Amino acid sequence: MMRKVSGSKRGASRQNSLAVVRRRLTRRSFLKLGGAGLAGAALLGVPGCSGGGGGNGNGEFTFAMGQDTTGALPGLVERFNQQYEGQYVCNYREMPTDTGQYFDQLRTEFQAGGGDIDVIGGDVIWPAQFAAFGFLVDLSDRFPESERGSFLPGPVDSNIYEGAIYGLPWYTDAGLLYYRQDLLEQSGFSEPPQTWEELKEQAQKVVQDSGTENGFVFQGADYEGGVVNALEYVYSHGGRVLDENDPNTVVVDSPEAAAGLQTERSMIEDGVSPQSVATYTETECEPIFLRGESVFLRAWPQTYSIAGNPQDSVIEQAQVGVAPLPAGPGGQSVSGLGGWNLFINAASDPEAQEAGYEFIRFLTSSEQQRAYAQEGSRLPTLQELYEEQEVLDAVPVIELAGEQTLQNAEPRPVSPFYSDMSLRMGEQFNASLNGELSPEEALQTLQEELEQIIEQGQNTVA
Ligand code: GLC
């Protein structure tokens, strides 16, 4: 069993975090961290001796979040500042949009003593790791179970580590299949593909009939998005990364996972996707589809809002269909769970933490989640908003993809060593996709690498 960094009891006093962080990271675990030589977990380091935080005691605090490609976030921050004028001031610090780069930047700040950040807008894959190393305030008392039921369960769970909750769900993401409805119809397809095999058949026919450059583009590069994409193939073919009952047992080297990676690779082998798909992130894929140069696209929900926007899109929204991702041979369609939560930096000044928590409440309120859905097409995490026509009209993907698809998305492995695991998954999945290694070879190597990360990591935090 994975153990926490120290055995200190959770309680209200833990929210006065600096002292808590020092207590949780005992000298022994500090030394182990420093000497372990384990890439990510060791590099996470420990908060330094001075309290970070952007607060100056005047209700001022700093909120970190990746640049918002929808452009709506600065408006939300401004609204907060107006509403709480004279009480709180939120300074929005723009971080890298790429989740891996953002994570690295935070890690560096934590190492350097906590950084200036008070509220962290963070990826759903981060809580286990940051919580295990004591970087986040335990919000269990402030966000009790009685309040969690009004949020979608997947995003809530993504904030829980060893029974405590470290964040509030802000907006959710799920992998979706976008398709050119007009071109499919012209080629005689009245429905989008149900399986990956059907996707290839349809793509080949439509490309032939319409002369569209690409059949299917998706995020295959060696980075976090490439990991989510590959896992959608692995999961939809019945494979897993970690044993569901024992998160310390790696089970990725399986025939099912290999079949999943083989299907992903076959997109290139069968000429449906270009070889360069193995270098694509969201930034490359989305414009290709919006320029009308691909029949299919795998993307997150907010892409739909950009389709038809004359600055970014040659195609009209009416030409675009949205569907659940195709299923594997066993009939399973699996969307990777994405999304963003709101955390408080444990090394931040307690007053700034209080102000920051008000901001978290503000952003997660139904009013502001509704606004973010309307202004930025972000999918709410509050269940009640899925009943509102206003929200359904503002974010048509909810009905197009089906609420079930969005709400049943599958998380990536939950582990305090996730960032290291992800680096290795990114490399091996990419090597299989670009044809450098066979799926079996990639998975065999990955199995060994993940086992090693978990073993070394356990020694580090034990
Ligand atoms: C989106 C998702 C996030 C994921 C990232 C990968 O931002 O919300 O969870 O890690 O894409 O690129």
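It should be emphasised that the depicted structure is a prediction, and the values quoted were computed from it without experimental measurement. As the structure lists them, so they are numbered: ligands from 1, and atoms in each ligand from 1.
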Considering all heavy atoms, the nearest [X]-[Y] contact:
X    : Y    : result
A323 : Y179 : CB-CE2, 3.9 Å
R240 : V234 : N-CG1, 4.1 Å
P287 : E284 : CD-O, 3.4 Å
Y235 : P413 : OH-CD, 3.9 Å

Pull out every atom of ligand 1 sitting under 4.0 Å from any heavy atom of [X], numbered as shown with elements.
X    : answer
W340 : 2 (C), 3 (C), 7 (O), 8 (O)
D123 : 3 (C), 4 (C), 9 (O), 10 (O)
G225 : 6 (C), 12 (O)
E282 : 6 (C), 11 (O), 12 (O)
G338 : 2 (C), 8 (O), 9 (O)
E224 : 10 (O)

Exercise for review: Give the contacting part of R412 toward ligand 1: side chain, backbone, both or neither, where contact means a heavy-atom distance below 4.0 Å.
Suggested key: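 For R412, the contact with ligand 1 is made by the side chain alone.
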Check your understanding: What part of Q219 sits under 4.0 Å from ligand 1 if we count only heavy atoms: the side chain, the backbone, both or neither?
Key ->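 Contact part for Q219 vs ligand 1: neither.
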Review point. Can you find an N/O atom of L337 closer than 3.5 Å to an N/O atom of ligand 1?
Key: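 Between L337 and ligand 1, no N or O pair is found under 3.5 Å apart.
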Review point. So, is W300 polar-close to ligand 1, with some N/O to N/O distance under 3.5 Å?
Key: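 Between W300 and ligand 1 (N or O atoms, distance only) the closest approach is under 3.5 Å.
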Check your understanding: Does the side chain of E224 come under 3.5 Å of the side chain of S422 through a donor N or O and an acceptor N or O?
Key ->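 Looking only at side-chain atoms, S422 and E224 do form a donor-acceptor pair, the distance falling under 3.5 Å.
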Between [Y] and [X], is the closest basic N to carboxylate O distance under 4.0 Å?
X    : Y    : answer
R370 : E367 : no
E293 : R180 : no
E269 : K200 : no

Review point. How close does the nearest protein non-hydrogen atom get to atom 8 (O) of ligand 1, and which residue and atom is it?
Key: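 The closest one turns out to be D173 OD2, 2.6 Å.
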